[in-house]
Each structure stands twice: as C-alpha cells, then as structure tokens.
Number of protein chains: 2
Amino acid sequence: MLRTHTCGELRLENVDQEVTLAGWVQRVRNKGGLIWVDLRDRYGLTQLIFEEDSSEKELLDKAAELGREFVVQATGTVIERTSKNDKIPTGSIEIKVAKLEVLNAAKVPPFIIEDETDGGDELRMKYRYLDLRRNVVREKLQLRHKMMQETRKYMDAQNFIEVETPVLIKSTPEGARDFVVPSRVNPGEFYALPQSPQTFKQLLMVSGFDRYFQIVKCFRDEDLRADRQPEFTQIDCEMAFVEQEDILSTFEGLTKHLFANVKGVELEEVKRMTFADAMKYYGNDKPDLRFDMKFVELNDLAKGKGFGIFDDAELVVGICAKGAAEYTRKQLDALTDWVKRPQIGAKGMVYAKYNADGTIKSTVDKFYSAEDLQAWAEAFGAEQGDLMLILSGEANKVRKQLSELRLKMGEDLGLRDKNVFKPLWVVDFPLLEWDEETNRFHAMHHPFTSPKKEDIPLLDTDPGAVRANAYDLVINGVEIGGGSIRIHDRATQQLMFKHLGFSDEEAQKQFGFLMEAFEYGAPPHGGIAFGFDRLCAIFGGSDSIRDYIAFPKNNSGRDVMIDSPSTIADEQLKELSILVNLKN
Amino acid sequence: MLRTHTCGELRLENVDQEVTLAGWVQRVRNKGGLIWVDLRDRYGLTQLIFEEDSSEKELLDKAAELGREFVVQATGTVIERTSKNDKIPTGSIEIKVAKLEVLNAAKVPPFIIEDETDGGDELRMKYRYLDLRRNVVREKLQLRHKMMQETRKYMDAQNFIEVETPVLIKSTPEGARDFVVPSRVNPGEFYALPQSPQTFKQLLMVSGFDRYFQIVKCFRDEDLRADRQPEFTQIDCEMAFVEQEDILSTFEGLTKHLFANVKGVELEEVKRMTFADAMKYYGNDKPDLRFDMKFVELNDLAKGKGFGIFDDAELVVGICAKGAAEYTRKQLDALTDWVKRPQIGAKGMVYAKYNADGTIKSTVDKFYSAEDLQAWAEAFGAEQGDLMLILSGEANKVRKQLSELRLKMGEDLGLRDKNVFKPLWVVDFPLLEWDEETNRFHAMHHPFTSPKKEDIPLLDTDPGAVRANAYDLVINGVEIGGGSIRIHDRATQQLMFKHLGFSDEEAQKQFGFLMEAFEYGAPPHGGIAFGFDRLCAIFGGSDSIRDYIAFPKNNSGRDVMIDSPSTIADEQLKELSILVNLKN
C-alpha cells in the first residue's frame, strides 16, 4: 500500500505516530514560511503542515508548488493541532510532513471540486470522473451500494435465490421499444436487450425455484424524458405458491428493512388503496400521502343553481387547503393562471375562502347563497381559515388537473417534506387500458398479469372494467415498483393474448415457449419489480435518478464523457451483415 | 400462501399437526386401496398417503389420477411412518391427506426429471425450465447464489463499493469482437456491449472511489468453443494507492473466504510463480499444481550422443511419472500415438523405465549407455518404479506438447482430484505478445497494463522481453482471473498505444477520455477480474461453465428455448436506420 492510513482515520490517540497518507490536494494555504495542505481521499480530509524552521527548504518548495487535485504521498508525524477544527473528525491533528512525493500532477480542473460547484450540468457530465470526486456525488453512490447490500441481505434471509437471467434475449413487439443486437453468427437475426426478465423469472417458477430475485439492468429504447435512462436497474422478484397478500407483505418487509437499515427510519405499516379510490380521491394512481387534501365531489351541491359552467360539467370536484384562506387576490389569480396553463389545461378555477369571521367568500357568490357555501364547507370539512379550490369539467380530465393542483398546493404549503416517507400499496389496477393511438386495448401492466377471477366474464362485455391482480408500491407520490399475480395456465394466457389482439400465430411465435412451459406443471406465482434508481433517489431525497447512476446518459441517450454511441468500422458492419441506411 | 410448510421441513415433532403442502408430484405408487405420492419442491420431498379405509372414495380417485409433475396442494395430518426412510430428512413422517387440489396438470415431460436423466443435451436445453427442476441442476445455481452473496459480503467488509457501470458503451476495435447496438436516436451510430468495465473502473479510481467492485455481465462476440458463452459474468475489482502485492493479498483473501464459507475448505497459502518459470517447468501459464511432475530439461545430458533427433532439437525435455514403470508396451504405444495426434503434434516420444531391479530400459538404448540413463534418472529425481517420458523439438512447441502429456498422465494416474484445490498466482507476464496474423505486437493482458519500470528501455530494443505488472490466479490448471497494475499517466499510456501500432488519432478517438482523465490527478491503481462462471464450476467440481448458467446459449450463440436470436420487424430496422445485408 502507498499509505499506512486513510485521510479519515487519524485522531489524537495517533499523535507521535509516523504515518504515510496518499490522496488529492484539496487546498493549499501558503503563509510564506508555513504551508498547510488539505489532503483528501474517499474517507476524509487530513491537514498536512510544512514549516520553514523544521522542514528542509527543498520540501517546502515542493509543497509550495502543489496545485489543486495533485495526487501526493506524504510521510510524517501526527501532531496535535494548536487550533482545532471540530467540523471534521480529523480536526484535532495534523501531519508534520518529512517526505512528500507527487504521485501525479493535475491540470486545473474545469470546475471546482467542492460540494458546491461552479460546473454546469453538461460540463460535469463530460468530466463525470471529476464530478464523482465531489463528496455529495460520491455519497449518493455509496448510498446506492448500501441499498444493494441491504436488499440482498434481506432477500437472502427470506430464502430468495439470486439468478442471473440472460441479457441477450429475443425481441417482442409488445410493450416499449427494444434495443437490438445483430448476431454475427446468425446473419439477419437479432438479439434484444431485456426490458425486464419477466418471462425468465416466470420460467424459474415453473422450474420450482420458488423464490427468485435479481438486481438487474434493464433496457428501453424510449424517447427520453428528463428522468428516464435507456438502461436502468430493477430489483426483480418472483414467488411461487403465493397470493397477492404474500407478495405485498414480503416487499413491505423489504421496504421497512431498507428504511430501518439504510436511513434509520422505522416505517409505519404501508396503507392500501384501490386504484379506483386513488383516482377518485387523488386523481392519480400514485398519490402523495404526506398530506391529506382529498378530493371532494360537489355535483350534488353545486349543480342546478344556475352556474352554467358547473351545470354543464360532468364532475365538479375540489380540495380544501388548510389554513390557506389568507392567500391574497394576487396569489389566487396566479393559481388560476397556473391551472389554465396548457400543461394543466383547466378552463378556470373557482375558490371559496372560509374567513376567520365565519363568512365564506367565493368567486361564484352570484349563484350560491351563504347556506349553499356553508354546505360546501361541510362537505370539505373546511374550517375557518381554509381555502376551497374547485375545478370542473370532464371527469377524467378534471381529476388529472386537480391532482396537479393538489400537488402544487402541497408543495406551496410545505407539506411535502423530503424527510417524511409515506408508502402506499395501490391495488386492483385495471387489466386493460384503451390506447387511442392504436385503437385497441393494451395490457396496463403486461400480458402475463392475471385478471381477477370474478371479473373474467367482463372480458367479453366490458374489457376496460376488468380488474387485475396487480399492485404498485408508491412512496411520496412516486411509483417505486409494481407487480402482479401472473397467469399460470395456457388457456388463460391464450385468452389474454386474444383480447390484446394477438393472432394465434403471433402469440405462438413470440411466447410459445412460455405457454408450452405452462403445460408442464406451472405453479401459481406472482412477483414484483422495484425501480432501483428511483428507490435510491427517494432515499437520497432527490427528484432525479441521474445523480444516483455512476455514468448516466443524457437526454439523447448519449454518454458525453466517452462520446458514445459512435460510428463503427465498415468491417464490423460487414461481419454483422447489416448496412447503415440514413435515407429513410 | 398456498402452503403452511415446505416439502423439506416436517419432522417427527410435527406429528398430529394439520398442514398444507404444495409442490410437484415426483412419483405415485398405487397399491389399490393405498396410494403414496412423493411431493417435491425446492426444499425437499414429503410423502403423502391416501388410504381407502379412511379417505373418501373421491379423494382416492383424485390421487389415482395424478401424473408426474402435476402441481398439487394437499392438506392433511402429519403422521409417523411405519417404515421410515432414513435417506431423506422428512423420512420419518408422511401426510395423511384429507384434501387434495390439483393446481395445474402436467403433460408427460420430454425427459425424466431425476438426478439421472434420459434427456440429451439439446432436449434439456430446449426445455431448460424442466432441466432446472432436477436437484443436481438447481443445486449448481444455488451454489452460484451462495458464491455471489459471500463475494459481496467479503468485498463489502473490505470497504469496496459496488458500482454499476454502463452496459451501453462504445465500440473499440482493440481486443475481441464487440457486440453492438444500433442507436435509434443517433442514426448511423452504435453502442457496444462491454467486454469488461475496464475503462470505467479506472475512471472510478481517478474519481477517488479507492476500492471498487462489481459482479457484472460482460460480452464477447467470439466464435464459441465448447466452454465459452457470448455473455459471461465477472467479479470485477479495482483499487487505488496499491502495489501488486496488495491486490494479490486482497484477492487471495477473497478466494480463501469463498472456499471456507461455501465449501468449508481451509485453503493453504497461495503459491507464486513467474510466467517464465510456469512455461519452463510446466509448459503452460496455468499449471495444475495438484501434482508435481515438473519438466526436466535434458539438453546437456541427451545431446551429442549420436541420437540425431535429440541432437537436432532445440530442446529435449521430459517428465517423470511416479510409479508408472509398470506401464505395458501397449500402454506406452498408445501414449506415443496420443502425443502424435495432430491436436498435440509431437513427432514421437522417448521413454525410459526405471525398473524395480534398478535397471533402466529406454527406447533409445542404442545411443545411451546405462550410465547415461542413470544420469537422466538423477536429473529427473526418478526412483525405481518410475517412468520417464521425453519429448524434443522446437522449445515453445515441445513445451506445449509436454504440458498436454503431463496433464494426461496426471489424469491417468488419478492425480487430479476434484476435491483438492491448488491455487497459484502466476506473475510477471510479458507485456506484449507477437501476433502472427496481424504481424504486430498485441497487449497480452490489455493496453492499460503497466510495464515493469526496469523493463521500459526494452520497449524499443526487445519488446517481447518486457515484463508487465500482471498476474493471473490459477486453480487446478484453470485460469480463474487476471489483472494488473495499470498505467496512470498520459505519457506512458501514449507510449503503450504507440507500441501497439495505434496512430495518435486512433488512440485519441478511442481512449482520449481516459488519457485526459490521467491528466487531472490519477492515482496509482490496479485491479483484477475473476471469471465468475468458471469459479463456480471449479467450486462445483465441474469442467463446464454451462451448467452454472441458468439459461445458457449453445455453441452457435443460440438460446434454443426461446429461439433467439430471431428476425425482427422491418419497422424496427427502419427506425434503427439499418438494413440487413445477407449478400456479402
């Protein structure tokens, strides 16, 4: 080793020891005859001292020439500091250096390597290896490491077997777009990278593996939004001989284990809510439960009083913002403008203030009597000082709009604390979802999700009403993962493919192996997958997953550090039996 | 849960309990009024019993109809068996079944699902999910799981951080062939799948991560030999501020930890051998040290006695097979034929038997006196009863041939015990290796390996003689992993690329980011990677890695179960801006 100790471990009890440290120069303070150097490594910071009277001239000159981010090895004696720094664990000591070696010089970095940096996003991504030197960034990846180790510890203790499923698999058009890999040995044929190990984990259940898990890279060739990555990581699981309740309790256990062991937070029991209730009361299948502000439907109270906008609306629905009656006219106008932005799309907003004096003042006083408004307040459970905000229109649309408004109000009122964690199971998702573009039903989860037995007859009469044995884990309004009890017999799987518009031939070509496997003794089974990047971000209190990925790609799927993707040699294309065709 | 217990846990102390089990029908024995069913799951086997006198007729009929591999759920009472089976842990009890439910029927499987099966390789691969039901196969993957968990436990305890490096990276022509992935968003450009995370882990060292590891999938588009897979798994590691010795001792520690905790074997200290010695004494850079049989060079003793074949040879070299003097003429002829096969390529073999009576009988008695042969025996350290086998020819070739012969003799004499483990560090590998095909030097390890400082001047005069700071871990003649101390400064890296025939432009285009990173304060660093599939195979006592991979590909890189690779839709090709071109 080029060091006897790290830069984070020396204390007063080490005084008088001769030590060798190695690390990066964080800072140099040169007072002429006295030079201090802060030496940094992953473990901490230690102060080196060079003094004119005791150090040789040559050594002092060497120290004076050190620049930021130089890599050095320093040997010397641990001494007690005269002026201690109680902000760092090594702040009581410093190293009186006798020998200094520059292991590598450094050019001036393109941005400051401190917790607060002057580097913009693009620059930091190009020099990601320098960005990763910053404590705040490295700590995020250390958190990720800890999350991985704790996940495995829990799963292993629960008798799950980690099995690596293949990365070079088969392309299937259902779902998102696949990344494909041309096969040189099989010209004209392609592998695909997995969007998830779904079929493999189900086959492992058919194999009797009973409990499978994997922390695994998955791939989706989607047009990237701010917080999506073409490659991402899942905690992927499957269990046999289980019912939905067993999966929920096992992964509630994982969630609690992680919170307890990584964050030291004892999580309360995870609430349950049906998809239908989530939509009705929060307008959203991933409600943020850190605050209440439930939707209240006002059709009965607000219609038929001559206010045309409400009379014509399918749904009149609102929320009650506790203590917000003091919002000024200006603030309320701004709020109205906010909901009318095209991203939200409301036509307008009605509000009613429950004033401190007991009166209720609304924007629609012309149509509603004081008693009418009092009845609204009762419906909302509003008290003096509260603000009622009401939207109206087509039910599905207005719920989405109000959901956005609810989240904004929660944000504005400081109700979305990053250190509070409110997990929720959303259950009973619909099996199918109508797709306007293709004009057919798609699987809301995926084609292997089982419908609720009692809803199967609806498949022919009202497919959109069929509920699935499917569930999502939501924390603080973020979808952390989802899963389902799977179909495990050929007949139901075929029925499902039929309803998804697969011909028998298509179903057989793409998933014949799975349906055949179901005929050789497939046990009832189900599973779940957690988005690991997002889970880490939630634990770290961040909105962006990118910070929790060591080498992320930008929104064009490009790694700007290594400059990839890139063109490849003609020889490679030829060997792969493909041509580039830029003309379409 | 569809069960209260697994099929592996019930014992005498559970007698009289009402239990529910679920699993697969392993066997049905029907004695008319009495039916026994062996129920199997991952955890074991439990006997179910159905009796005419106590069971209802309907239940008995149901049991009679069960076939192999049916999935059933059975509820009943644990009773003590009259005739116990001490071969299985549950052999003292059976379940008197009161309720039986068939959860899924099963077609007759295409091969027998027992430890010994009648299924051929291809059939078992096509129905891999059934093959995986066999205990002997599942146990291999459970071993793999345990190896993974223990590896992580050790690395975590040693302060290594597990960092996931990207799978979609950049193609570089150096080394083996890349798998590539067309980028839809960047038409005409391609990602490559990593052959190893080499450059990323080095960048993590530049980032100050200090100790990195990952258990990671890697990819190589090679023409597959029997024991290669296009995707394989590595334990990948890197450390900063270290010298070779630190890496050897850390990973010797990992190896010992795994042997102790997975196999219960306390490993002795790992021996060291230079590459030069390995070649000189074993003709092989991965010698099997479970047996000695070192090469003995005989040029001094065997030349100049009128035996033309030896006189003309660059090298006369042999091995001494202890106790093999009793080999018959027929056996020795067969051995001579064996070394003359084209796969080995020797022109012939000389042998000398040290008989029990003290005489030495050789095939070249015409040229060598009894004293000459006695001198040979002394050189070999041969004793009465030993057999000396001698080959001659061009030094490099004859060493390879003798290495094969040595391994065969070790095998034939029963010296290669699968339960004995002899690990070895081979060190001081050459930096460069001459490639006949391209007529230039290639990096023996990879272009990032550092030359030994004292050998750098040889780069210009005798490149093949330059030794690298590179090492391999070998166990029982199998290369488990290798690594090196890396170059960490731009000048040396450029020098290396120059000697590998890169133009400055090529070097910059492919590895500019790495060389630039070296200018911003790169610490001295080095690392290693273990082939995880192979390590598992060694632990399992198997020669083939394929058994230790859940869903392996065949020798054409095809997954015969899911039938991949496959053609993809024209629409996909169009979106990716590529065409299939089968005409070249």
Side-chain angles (χ1 to χ4, degrees), chain A residues 1-3 22 24 42 69 71 104 106-107 129 132-133 145 149 156 161-163 166-168 170-171 179 181 183-191 203 206-208 210 217 221 231 241 246 513 517 519-523 550-551 556-557 562 564-566 568 574 577-582 584, chain B residues 1-3 22 24 42 69 71 104 106-107 129 132-133 145 149 156 161-163 166-168 170-171 179 181 183-191 203 206-208 210 217 221 231 241 246 513 517 519-523 550-551 556-557 562 564-566 568 574 577-582 584:
Chain A
M1 296 290 284
L2 302 183
R3 64 189 172 206
W24 285 262
R42 172 184 139 195
E69 302 303 320
V71 183
N104 217 339
K107 293 202 293 195
Y129 50 87
L132 288 171
R133 271 190 203 164
H145 164 77
Q149 304 308 313
D156 188 42
I161 305 179
E162 185 161 13
V163 179
V167 176
L168 297 171
K170 184 172 172 170
S171 186
F179 282 107
V181 181
S183 166
R184 177 179 57 86
V185 183
N186 305 278
E189 298 191 331
F190 294 78
Y191 301 100
L203 290 176
V206 176
S207 297
D210 204 71
K217 276 279 175 79
D221 185 11
E231 54 180 297
F241 299 116
D246 303 307
F513 64 95
E519 295 185 286
Y520 285 105
F551 299 101
S556 326
I562 62 171
S564 160
S566 63
I568 59 173
K574 202 173 156 190
S577 306
I578 58 172
L579 294 173
V580 166
N581 174 33
L582 297 177
N584 57 26
Chain B
M1 297 289 285
L2 302 183
R3 63 188 172 205
W24 286 261
R42 172 184 138 195
E69 302 304 320
V71 183
N104 217 340
K107 293 201 293 196
Y129 50 87
L132 288 170
R133 273 191 202 161
H145 164 76
Q149 304 308 315
D156 189 42
I161 305 179
E162 184 161 13
V163 179
V167 176
L168 296 172
K170 185 171 171 170
S171 185
F179 282 106
V181 180
S183 166
R184 178 179 57 86
V185 184
N186 305 278
E189 298 192 331
F190 294 78
Y191 301 101
L203 291 175
V206 177
S207 295
D210 203 72
K217 274 280 176 79
D221 184 11
E231 54 179 297
F241 300 116
D246 303 308
F513 64 96
E519 294 185 287
Y520 285 105
F551 299 101
S556 325
I562 63 171
S564 162
S566 64
I568 59 174
K574 202 174 156 191
S577 306
I578 58 171
L579 295 173
V580 167
N581 174 33
L582 297 177
N584 58 28

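All of these numbers come straight from a predicted model, not from anything done at the bench. Proteins come first, then strands; the chains are lettered A, B, ... in the order of their sequence lines, and each starts at number 1.
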Rounded to the nearest 0.5 Å, what separates atom [atom1] in [X] from atom [atom2] in [Y]?
X: L2(A); Y: D246(B); atom1: CG; atom2: CG; value: 7.5 Å
X: I562(B); Y: Y191(A); atom1: CD1; atom2: OH; value: 9.5 Å
X: S564(B); Y: F190(A); atom1: OG; atom2: CZ; value: 12.0 Å

Evaluate the side-chain proximity of H145(B) to D156(A): yes if any heavy-atom separation is below 4.5 Å, no if none is.
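Yes. Closest side-chain heavy atoms under 4.5 Å.
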Could you tell me whether the side chain of E519(B) reaches within less than 4.5 Å of the side chain of N104(A), counting heavy atoms only?
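Not touching, per the 4.5 Å side-chain cut-off.
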If I measure from the heavy atoms of chain A, does [X] come under 4.5 Å with its side chain, its backbone, both, or neither?
X: S566(B); answer: both
X: K217(B); answer: side chain
X: V185(B); answer: side chain
X: Q149(B); answer: side chain
X: D221(B); answer: both

Just to verify, what does R3(B) make a side chain to side chain donor-acceptor pair (under 3.5 Å) with, not counting sequence neighbours?
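Once residues adjacent in sequence are excluded, the partners of R3(B) under the side chain to side chain donor-acceptor pair (under 3.5 Å) criterion are D210(A).
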What residues, two or more places apart in sequence or in another chain, satisfy ring pair (Phe, Tyr, Trp, His ring centres under 6.0 Å) together with Y520(A)?
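Checked Y520(A) against ring pair (Phe, Tyr, Trp, His ring centres under 6.0 Å); matches are Y127(B).
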Options A517(B), A550(B), G557(B), ranked by heavy-atom pairs under 4.5 Å with chain A, top entry
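The candidate making the most pairs under 4.5 Å is A517(B).
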